[in-house]
Amino acid sequence: MNDSDNARRHGVAVKTIRRWRRLYQRRGQERGQQHLAPPCPRCEDGPLDRVAYAELLGWYLGDGYVSQGRRQVYNLHVYNDQQYARLNQHVLELMSAVKPGSRPHVRHVPGCVVSTVGWKHWPCLFPQHGAGRKHERPIVLEDWQAEIVRAFPSHFLRGLFHSDGARVANWATRVVAGERRRYDYPRWQFSNRSDDILALCGWALDLVGVAWRRSGPWTVSVSRREAVADLDALIGPKS
């Protein structure tokens with residue numbers, strides 16, 4: 001049957017018939033939507049890009065959440081300031097690496113970009129998902145997640161600090177030879193309302209040997225000059 005008769009018989013545009021024939025007959029692409037639903041790394045023994053996952057886990061714990069959509073499909077959302085165009089593009093790349101073949105999309109809300117991708121298996125990869133806000137429930141990594149963070153702590157820290165952190169200019173004064181002097185220095189800060197997530201940040205900093213302290217009830221700070229330089233080298237600029 002030629003394409004025109006096929007399209008007319010089934011009420012489909014002839015261009016669609018030609019595209020399907022090109023994809024399935026000539027290129028051998030698998031029919032249906034299986035190419036958009038890769039096997040789960042946890043319950044179906046599918047592959048997992050551990051490096052990308054370590055960083056995406058940091059983004060999720062910092063400014064992400066998982067919501068349930070229709071037909072048991074869950075959506076992973078990551079919020080980030082719209083001024084960080086490069087980072088927002090990078091989040092989409094991380095999502096595509098963790099879920100191969102996916103097509104993440106973005107939507108804009110005032111001052112913010114929301115990156116989203118759907119999958120039935122996001123709860124398998126982010127078992128910390130649950131009802132309510134993250135700081136109102138326990139956040140504990142499973143053994144397999146902790147193993148990935150131990151293997152790639154700098155990527156996990158990059159996700160945390162680039163989502164819910166900032167590199168700021170700080171200052172302090174000291175009396176030297178009877179004169180009060182001001183000293184300016186850079187500082188990395190990670191802020192979160194969850195004590196569990198703050199503890200995970202400190203644990204990962206310990207893994208890479210970067211000195212830190214709790215500078216407030218919701219803040220982890222890296223302030224020593226050599227520690228800031230080390231963290232700069234590990235996670236790069238937030239831009």
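Nothing fancy with the numbering, it's 1 onward along the sequence.
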- Query: Tell me, do Ile235 and Trp188 make a side-chain contact under 4.5 Å, heavy atoms counted?
  - Reply: yes

Q: State whether the side chain of Trp212 and the backbone N or O of Gly202 hold a donor-acceptor pair below 3.5 Å, judged by distance alone.
A: yes

To the nearest 0.5 Å, atom CH2 of Trp59 lies from atom CG of Leu94 at 8.5 Å

By salt bridge (charged side-chain N to carboxylate O under 4.0 Å, His left out), Arg21 pairs with (sequence neighbours left out) Asp3

(Q) With a 4.5 Å cut-off on side-chain heavy-atom distances among I, L, V, M, F, W and Y, is there a chain of contacts connecting Trp218 to Phe161? (A) no

Point to revise | Backbone N/O of Lys99 and side chain of Ser102: donor-acceptor pair under 3.5 Å | key: yes

Do any N or O atoms from the side chain of His90 and from the backbone of Arg86 form a donor-acceptor pair under 3.5 angstrom? no

Whether His155 side chain and Ala54 backbone form a donor-acceptor pair below 3.5 Å
no

**Request:** May I ask whether Ile197 and Phe126 are part of the same hydrophobic cluster, defined by side-chain heavy atoms of I, L, V, M, F, W, Y residues being less than 4.5 angstrom apart, directly or through others?
**Result:** yes

Output for pair (Arg193 CZ, Thr219 OG1), nearest 0.5 Å, gives 9.5 Å

Sorted by chain and residue number, the salt bridge (charged side-chain N to carboxylate O under 4.0 Å, His left out) partners of Arg167 (sequence neighbours excluded) come out as Asp232

Residues at least two apart in sequence or cross-chain that pass salt bridge (charged side-chain N to carboxylate O under 4.0 Å, His left out) with Arg214, listed by chain then number, are Asp195

Are Leu198 and Val140 in one and the same hydrophobic cluster, where Ile, Leu, Val, Met, Phe, Trp and Tyr link if side-chain heavy atoms are under 4.5 Å apart?
no

Problem set entry | Any side-chain heavy-atom pair of Val78 and Tyr60 under 4.5 Å | no

Is there side-chain contact between Leu157 and Leu205, with at least one heavy-atom pair below 4.5 Å?
yes

**Study point:** Main-chain N/O of Leu92 paired with Ser96 side-chain donor or acceptor, under 3.5 Å
**Key:** yes

Value for NZ (Lys134) from OG (Ser194), rounded to nearest 0.5 Å, stands at 8.5 Å

key: Residues Gln145 and Gln128: side-chain donor-acceptor under 3.5 angstrom   = yes

From the list Asn80, Val106, Asp81, side-chain contact (heavy atoms from CB on, under 4.5 Å) with Val113 holds only for Val106

Correct closest heavy-atom pair for Gly236 and His162 would be O-NE2, 3.2 Å

Under the side chain to side chain contact (heavy atoms under 4.5 Å, CB included) rule, what do Val228 and Glu226 come out as? Steps first, then yes or no, please. CA-CA 5 Å; Val228 172; Glu226 64 278 6; over 6 Å; no

dist Tyr65:OH -> Arg133:CZ (nearest 0.5 Å) comes out at 12.5 Å

In short, side chain to side chain donor-acceptor pair (under 3.5 Å) pairs touching residues 108-118 with sequence neighbours left out are His77-Thr116

Q. Just by distance, do the side chain of Lys238 and the backbone of Tyr84 share a donor-acceptor pair under 3.5 Å?
A. no

Distance col, row Leu48:CG vs Ile148:CD1, nearest 0.5 angstrom, shows 5.0 Å

Query raised in the report: Just by distance, with hydrogens left out, do Ser223 and Arg187 show a side-chain donor and acceptor under 3.5 Å apart?
Result: yes

Do the ring centers of Trp144 and Tyr53 come within less than 6.0 Å of each other?
yes

Residues 48-67 vs salt bridge (charged side-chain N to carboxylate O under 4.0 Å, His left out), sequence neighbours excluded, gives Glu55-Arg158

Practice problem: Look at the side chain of Ser163 and the backbone N and O of Leu160, then say whether any donor-acceptor pair between them is shorter than 3.5 Å. | Solution: yes

Is the centre of the Tyr74 ring less than 6.0 Å from the centre of the Trp119 ring? no

Discussion item. Does atom CG (Asn2) have a neighbourhood of more than 12 heavy atoms from anything else shown, all under 6.0 Å?
Written reply: yes

Taking every heavy atom of Gly62 against every heavy atom of Asn192, the minimum-distance pair comes out as O-ND2, 3.9 Å

Taken to the nearest 0.5 Å, the spacing of Ile17 CD1 from Asn6 CG works out to 4.0 Å

Of all heavy-atom pairs linking Pro38 and Pro100, the shortest is CG-O, 3.4 Å

_Can you confirm whether Phe156 sits close enough to Leu61 that some side-chain heavy atom of one is under 4.5 Å from a side-chain heavy atom of the other?_
yes

Tightest non-hydrogen contact, residues Ala97 and Ala52, listed as CB-CB, 3.7 Å

Residues passing the salt bridge (charged side-chain N to carboxylate O under 4.0 Å, His left out) test with Asp5, sequence neighbours excluded, are Arg8

Minimal heavy-atom distance between Val220 and Cys201, with the atoms involved, is CG1-SG, 4.2 Å

Are Ile139 and Trp122 connected in the hydrophobic side-chain network, where two residues link if heavy atoms are under 4.5 Å apart? yes

Nearest heavy-atom approach of Val117 to Met95 is CG1-SD, 3.8 Å

Counting C-beta onward and ignoring hydrogens, is there a side-chain heavy-atom pair between Leu57 and Leu141 closer than 4.5 Å? yes

